[in-house]
Amino acid sequence: GPFGEGHQDWYRFDVAILVGGGIGVTPFASILKELVNRFSIGGRVQSKKVYFIWVTRTQHQFEWLTDIIREVEDKDTKNLVEIHIFITQFFDKFDLRTTMLYICE
(Lines give C-alpha, C1' and ligand atoms only; values in the text may rest on other atoms or scores of the structure.)
Protein backbone atom coordinates (compact mmCIF):
# COMPACT_ATOMS: atom_id res chain seq x y z
CA GLY A 1 0.00 0.00 0.00
CA PRO A 2 1.01 3.63 -0.01
CA PHE A 3 3.54 4.58 2.66
CA GLY A 4 3.45 8.25 3.62
CA GLU A 5 3.15 11.03 1.11
CA GLY A 6 5.05 10.48 -2.11
CA HIS A 7 6.05 14.10 -2.54
CA GLN A 8 7.72 14.76 0.82
CA ASP A 9 11.40 14.06 0.14
CA TRP A 10 11.67 14.19 -3.63
CA TYR A 11 14.56 16.65 -3.53
CA ARG A 12 16.85 14.31 -1.55
CA PHE A 13 17.49 12.05 -4.54
CA ASP A 14 19.72 12.47 -7.59
CA VAL A 15 16.79 11.53 -9.82
CA ALA A 16 13.21 12.33 -8.87
CA ILE A 17 10.27 10.80 -10.71
CA LEU A 18 7.00 12.60 -10.04
CA VAL A 19 3.96 10.66 -11.28
CA GLY A 20 0.46 12.08 -11.02
CA GLY A 21 -2.90 10.99 -12.33
CA GLY A 22 -5.81 13.35 -13.03
CA ILE A 23 -6.40 15.79 -10.22
CA GLY A 24 -3.89 13.84 -8.14
CA VAL A 25 -1.30 16.07 -9.78
CA THR A 26 -1.94 18.88 -7.28
CA PRO A 27 1.03 18.17 -4.94
CA PHE A 28 3.31 17.99 -7.97
CA ALA A 29 2.04 21.33 -9.27
CA SER A 30 3.36 22.78 -6.01
CA ILE A 31 6.72 21.10 -6.56
CA LEU A 32 6.90 22.48 -10.11
CA LYS A 33 6.13 25.97 -8.78
CA GLU A 34 8.86 25.54 -6.18
CA LEU A 35 11.31 24.63 -8.95
CA VAL A 36 10.27 27.72 -10.94
CA ASN A 37 10.93 29.83 -7.86
CA ARG A 38 14.35 28.28 -7.31
CA PHE A 39 15.26 28.73 -10.98
CA SER A 40 14.13 32.39 -10.82
CA ILE A 41 16.29 33.30 -7.83
CA GLY A 42 19.26 31.17 -8.88
CA GLY A 43 18.65 28.76 -6.02
CA ARG A 44 20.25 25.35 -5.83
CA VAL A 45 18.36 22.17 -6.71
CA GLN A 46 19.91 18.99 -5.29
CA SER A 47 18.41 16.62 -7.85
CA LYS A 48 20.31 16.17 -11.08
CA LYS A 49 17.15 15.25 -13.03
CA VAL A 50 13.42 15.53 -12.34
CA TYR A 51 10.93 13.59 -14.44
CA PHE A 52 7.34 14.79 -14.26
CA ILE A 53 4.82 12.28 -15.65
CA TRP A 54 1.14 13.11 -15.68
CA VAL A 55 -1.69 10.96 -17.01
CA THR A 56 -4.93 12.88 -17.37
CA ARG A 57 -8.25 12.05 -18.93
CA THR A 58 -9.15 15.27 -20.74
CA GLN A 59 -7.54 18.22 -22.41
CA HIS A 60 -9.47 20.46 -20.01
CA GLN A 61 -7.51 19.02 -17.07
CA PHE A 62 -4.29 19.52 -19.03
CA GLU A 63 -5.13 23.20 -19.58
CA TRP A 64 -5.32 23.68 -15.80
CA LEU A 65 -1.57 23.06 -15.53
CA THR A 66 -0.43 24.71 -18.77
CA ASP A 67 0.78 27.96 -17.21
CA ILE A 68 2.90 26.16 -14.63
CA ILE A 69 4.43 23.89 -17.29
CA ARG A 70 5.28 26.93 -19.44
CA GLU A 71 6.95 28.59 -16.46
CA VAL A 72 9.06 25.49 -15.82
CA GLU A 73 10.10 25.31 -19.48
CA ASP A 74 10.97 29.03 -19.56
CA LYS A 75 13.01 29.07 -16.34
CA ASP A 76 14.72 25.66 -16.56
CA THR A 77 17.84 26.72 -18.47
CA LYS A 78 19.78 23.57 -17.46
CA ASN A 79 17.11 21.10 -18.65
CA LEU A 80 16.73 19.65 -15.19
CA VAL A 81 13.02 18.88 -15.62
CA GLU A 82 11.66 16.52 -18.26
CA ILE A 83 7.88 16.63 -18.71
CA HIS A 84 5.70 13.84 -20.11
CA ILE A 85 1.93 14.29 -20.34
CA PHE A 86 -0.53 11.67 -21.54
CA ILE A 87 -4.15 12.54 -22.35
CA THR A 88 -6.25 9.38 -22.47
CA GLN A 89 -9.66 10.57 -23.69
CA PHE A 90 -10.53 12.46 -26.85
CA PHE A 91 -13.87 13.97 -27.81
CA ASP A 92 -14.18 13.18 -31.51
CA LYS A 93 -11.73 11.69 -33.92
CA PHE A 94 -11.98 14.75 -36.17
CA ASP A 95 -12.35 17.39 -33.46
CA LEU A 96 -10.03 20.37 -34.10
CA ARG A 97 -8.56 20.12 -30.58
CA THR A 98 -7.78 16.45 -31.08
CA THR A 99 -6.18 17.14 -34.45
CA MET A 100 -3.96 19.84 -32.92
CA LEU A 101 -2.85 17.45 -30.16
CA TYR A 102 -1.87 14.83 -32.75
CA ILE A 103 0.09 17.45 -34.69
CA CYS A 104 1.89 18.63 -31.53
CA GLU A 105 3.04 15.10 -30.68
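Worth knowing before you read on, the calculation uses all heavy atoms, side chains too, and leaves out hydrogens, waters and symmetry mates. Here the structure is a predicted model, which is why all the values come from computation and not from measurement.
Hydrophobic clustering of Ile, Leu, Val, Met, Phe, Trp and Tyr side chains at less than 4.5 Å, counting indirect connections, keeps Ile87 apart from Val55. Grouping the Ile, Leu, Val, Met, Phe, Trp and Tyr side chains by contacts below 4.5 angstrom, directly or via other members, places Trp64 with Leu32. Put simply, Phe28 and Phe13 are part of two different groups of oily side chains (I, L, V, M, F, W, Y) that touch within less than 4.5 Å, one to the next. Residues Ile68 and Trp10 are members of one and the same hydrophobic cluster, defined by side-chain heavy-atom contacts under 4.5 angstrom among Ile, Leu, Val, Met, Phe, Trp and Tyr.
Side-chain contact between Ile31 and Phe52: absent, with no pair of heavy atoms (C-beta onward) separated by less than 4.5 Å. In this structure, the side chains of Tyr51 and Val15 come closer than 4.5 Å at one or more pairs of heavy atoms. Counting heavy atoms from C-beta outward, Leu35 and Asp76 have side chains that stay 4.5 Å or more apart. Using a 4.5 Å heavy-atom threshold, the side chains of Asp74 and Val72 count as separate. The shortest distance between side-chain heavy atoms of Val25 and Leu65 falls below 4.5 Å.
Legend: residues meeting side-chain hydrogen bond (donor to acceptor under 3.5 Å, both in side chains) with Glu82, ordered by chain and number and at least two apart, are His84. Taking Lys48 as the reference, Asp14 meet the side chain to side chain contact (heavy atoms under 4.5 Å, CB included) condition, with sequence neighbours excluded. For Thr66, the side chain to side chain contact (heavy atoms under 4.5 Å, CB included) partners are Phe62, Glu63, Arg70, not counting sequence neighbours.
Screening residues 16-33 for salt bridge (charged side-chain N to carboxylate O under 4.0 Å, His left out), with sequence neighbours left out, gives Lys33-Glu71. The stretch residues 17-26 participates, sequence neighbours left out, in no salt bridge (charged side-chain N to carboxylate O under 4.0 Å, His left out) pair at all.
Judged by distance alone, with hydrogens and angles left aside, the side-chain atoms of Trp54 form a donor-acceptor pair with the main-chain N or O of Gly22 at under 3.5 Å. Judged by distance alone, with hydrogens and angles left aside, the side-chain atoms of Ser47 form no donor-acceptor pair with the main-chain N or O of Ala16 at under 3.5 Å.
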Show, in sequence, the C-alpha distance, side-chain angles and deciding distance for Ile83 and Ile53, and conclude whether the side-chain contact (heavy atoms from CB on, under 4.5 Å) test is met.
CA-CA 6 Å; Ile83 298 171; Ile53 302 166; over 6 Å; no

Side-chain donor-acceptor distances from residues 37-46 under 3.5 Å, at least two apart:
residue, atom, partner, partner atom, Å
Arg38, NE, Glu34, OE2, 3.3
Arg38, NH1, Arg44, O, 3.3
Arg38, NH2, Glu34, OE2, 2.7
Ser40, OG, Val36, O, 2.8

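Summarising the geometry, atom CD1 belonging to Ile23 is positioned 10.0 Å from atom CZ belonging to Arg57; distances are rounded to the nearest 0.5 Å.
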